[in-house]
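The block underneath contains the structure these notes are about, expressed in structure tokens.
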Amino acid sequence: MLIVAVSLALFLLVRGQPGTVSYHLANYKMLRRQLTISRNPSQLKDYLRGETMRWYLRGKPTVVEDAEALREAKTALLQLGYFHQRDVYLTNRVMQGTW
């Protein structure tokens, strides 16, 4: 019982509370990793990977759902001041090829 309580406390410390930078940053990093994994495990070792298990525990979201959640996490980090957004204007640039 003590091990469970300590594990839960450590998880909450690392993950942070909803609305905090640490919470949204952990979520952002997890979602970026999730976008790189295969969505259809084909071998036994694929089912045993941590990323695949987390994907199943999250309800097997689609790539589109994960991309939307990633956008929301990025927006939250922008609003909290952790990320900064800047516009870059390129001048004197010649476009090569046909569009």
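All values below come from the heavy atoms of this structure, side chains included, with hydrogens, waters and symmetry mates left out. Starting from 1, each residue takes its place in the sequence as its number.
Note that CZ of Arg49 is 10.0 Å distant from CD of Gln43, once rounded to the nearest 0.5 Å. Here Arg54 contributes atom CZ and Arg33 contributes atom CZ; the two are 6.0 Å apart, rounded to the nearest 0.5 Å.
Criterion: ILVMFWY side-chain heavy atoms under 4.5 Å apart, direct or through other members. Under it, Met53 and Trp55 are not part of a common hydrophobic cluster. Note: the hydrophobic cluster containing Met30 also contains Val21 (ILVMFWY, side chain heavy atoms under 4.5 Å, direct or indirect links). The hydrophobic clustering, which links ILVMFWY residues whose side-chain heavy atoms are closer than 4.5 Å, places Leu48 and Leu57 apart.
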In a table with atom names and distances, give each donor-acceptor pair under 3.5 Å that connects a side chain of residues 69-82 to protein atoms at least two apart or in another chain.
from	atom 1	to	atom 2	distance (Å)
Arg71	NE	Glu68	OE1	3.4
Arg71	NH2	Glu68	OE2	2.5
Thr75	OG1	Arg71	O	2.9

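Partners of Phe83 under the ring pair (Phe, Tyr, Trp, His ring centres under 6.0 Å) rule, at least two apart in sequence or in another chain, are Tyr28.
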